[in-house]
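These values consider heavy atoms only, across backbone and side chains, with no hydrogens, waters or symmetry-generated copies.
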Amino acid sequence: MIEIYHQLGWRFQWNFQSHKDDGVGDGFILGPRYMAMENVVDLDLEIKQKSVFDPQFFIPGFPKGKLKSYGFFPEIFSDGFSTDDFSGDIANEAARNCVRFQLEQDFKYIIIPSRYYPGNPEKYIEMQEKLFINPFLQELSETNSSKEVFLQLLLDEGVVKDEEYSAKILNWVTSIPKIDGIYLITEFKRRSKQIKDIDFLLALLHFIHALTDINNKALIIGYVNIELLLLSLANPTVVTLGSYENLRMFDIRKFEESSDQAIYSQPTPRIYMSSLLQMMDSRYIEVIKESQSKKNLLFDENHYQAEMFEPEFNWNFNKAQLYKHYFLSMTNQVRELSALTGIARYNYFVDMVNNAISNYEYLEEKGIIFDTNSDSTHLTAWLTAANKFAIYQGWR
């Protein structure tokens, strides 16, 4: 069974509430960008033991937000981070403190962090080994911990799509001793709300398959949007659910010094529709309702949906109901897929996509024209990637 973890960030209490009230999620990925150390330490032990702690060393020279509260963050620990100077005793001591923190808090797995370094796998490998991998593995060798160790991989779309580059990364990570699993994050420069790049999706399916089924590594896919349904075909160990878009679509700018307000405008509130496999712009809700012969059949029914459809509900992207509804609906779909394996899972996914395409065609016949962030164009890309992967697997 594929496990589901909450990817925590801003408004992380919503995720804890979803887990407690609705039973959503098997665990959590704690994000120190938005969670001060004292908040993490104060969590119930039961929560910690089903959580992993992502140190988020993506930009080691700039501790944005609550990252400043962690004394082992490279910039804080070294009192001014420099790639050349962060080595030897300094790197080892910082790794020791980070590992000890993860062990003392009794998190489920130990995470070895990654620096953001796009586009050059040779330099990425060299830097990762020097800054984090060797120091962390050295510290772990001096503990009696039996916890599984996950190496974080942060890759951009160019590396994933380049067959030679991705092969180098695969050969490297699968040759590192004492690594039980990979915590994979990919950065895709999106032009719309859903990924429509067939080459990227297919390459990512093959990359995940190579890690999980060929090299028997456990795999957590972090910062993933609803394409997680497609990626389930490659049999990941864990997929993640995030509330805001920046927790479902990794963007390094959220960790840079630049102002968030300068980058992001207030987003349009969206509701997840499993019948369309889309985060639908809320401005389409009324015309979709009016187009149906039977009331609201295309909308997932749960108590959050009922609240949102009350006349007095004020649609705003900061409303918890939007995200708790998504958590519930997506969990149901992941559980359905996860109960199947191999060709059966593929066939079920194809049926899901074809059903969504049919629902879009019905709505378009009713005169609804969707914009590029709410339309069905991602579905044909997903179906093509799934079919190509199925041919490779001998399922088709």
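- Contact of the Asp156 side chain with the Lys189 side chain is not registered, since no non-hydrogen atoms from C-beta on lie closer than 4.5 Å.
- Contact of the Leu153 side chain with the Tyr183 side chain is not registered, since no non-hydrogen atoms from C-beta on lie closer than 4.5 Å.
- Using cut-offs of 30° and 60° for the angle between ring planes, the Phe250 and Tyr116 rings count as tilted.
- Put simply, the side chain of Arg345 gets close to the backbone of Ser232: a donor and an acceptor are under 3.5 Å apart.
- In this structure, Phe150 has its ring center under 6.0 Å from that of Tyr109.
- Here the side chains of Tyr34 and Arg11 are not in contact, with every heavy-atom distance at 4.5 Å or above.
- Nearest heavy-atom pair, Gly222 versus Gln7, reported as atom, atom and distance to 0.1 Å: CA-OE1, 3.4 Å.
- Between Phe12 and His6, a ring centre-to-centre spacing not shorter than 6.0 Å is recorded.
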Check your understanding: Between Ile214 and Thr174, is a side-chain contact (heavy atoms from CB on, under 4.5 Å) present by the stated rule, with each step listed?
Key -> CA-CA 10 Å; Ile214 297 178; Thr174 54; over 6 Å; no
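- Summarising the local packing, CZ of Arg283 is surrounded by 12 or fewer heavy atoms from other residues, nucleotides or ligands at distances under 6.0 Å.
- Here the closest non-hydrogen pair linking Asn225 and Lys193 is ND2-O, 3.3 Å.
- The side chain to side chain donor-acceptor pair (under 3.5 Å) with Asn302 is formed by just one residue from the set His325, Lys324, Glu307, Gln321; it is His325.
- Using cut-offs of 30° and 60° for the angle between ring planes, the Tyr244 and Trp14 rings count as tilted.
- The two residues Tyr272 and Ser329 make their nearest non-hydrogen contact at CD2-CB, 3.7 Å.
- Taking the centre of each ring, Phe58 and Phe255 come in below the 6.0 Å mark.
- In this structure, the side chains of Phe16 and Lys20 stay at 4.5 Å or more apart for every pair of heavy atoms.
- In this structure, Lys319 satisfies the cation-pi test against Phe313, with its NZ or CZ atom closer than 6.0 Å to the six-membered ring centre and inside 45 degrees of the ring normal.
- Distance alone, capped at 3.5 Å, places no donor-acceptor pair between the Arg270 side chain and the Leu322 backbone.
- Under the 30°/60° scheme for interplanar angles, the aromatic rings of Phe101 and Phe53 are found to stand perpendicular.
- Side-chain contact check for Tyr304 versus Asp22: some heavy-atom pair is nearer than 4.5 Å.
- For the pair Lys161 and Phe188, the cation-pi test (distance below 6.0 Å, angle within 45°) is failed.
- Annotation: cation-pi pair Arg396/Phe389 absent, no NZ/CZ under 6.0 Å from the ring centroid and within 45° of its normal.
- Annotation: side chain of Asn359 is not in contact with side chain of Leu363 (no heavy-atom distance under 4.5 Å).
- Ring-plane geometry between Phe57 and Phe132 is classed as tilted, the angle between the planes lying from 30 to 60 degrees on a 0 to 90 degree scale.
- Between Phe299 and Ile271, the shortest heavy-atom contact is CD2-CD1, 4.4 Å.
- Not a single donor-acceptor pair under 3.5 Å links the side chain of Thr237 to the backbone N or O of Ala218.
- Between the side chain of Thr240 and the backbone N or O of Ile221, at least one donor-acceptor pair lies under 3.5 Å.
- When atom types are taken as modelled, the side chain of Asp54 and the backbone of Gly31 share no donor-acceptor pair closer than 3.5 angstrom.
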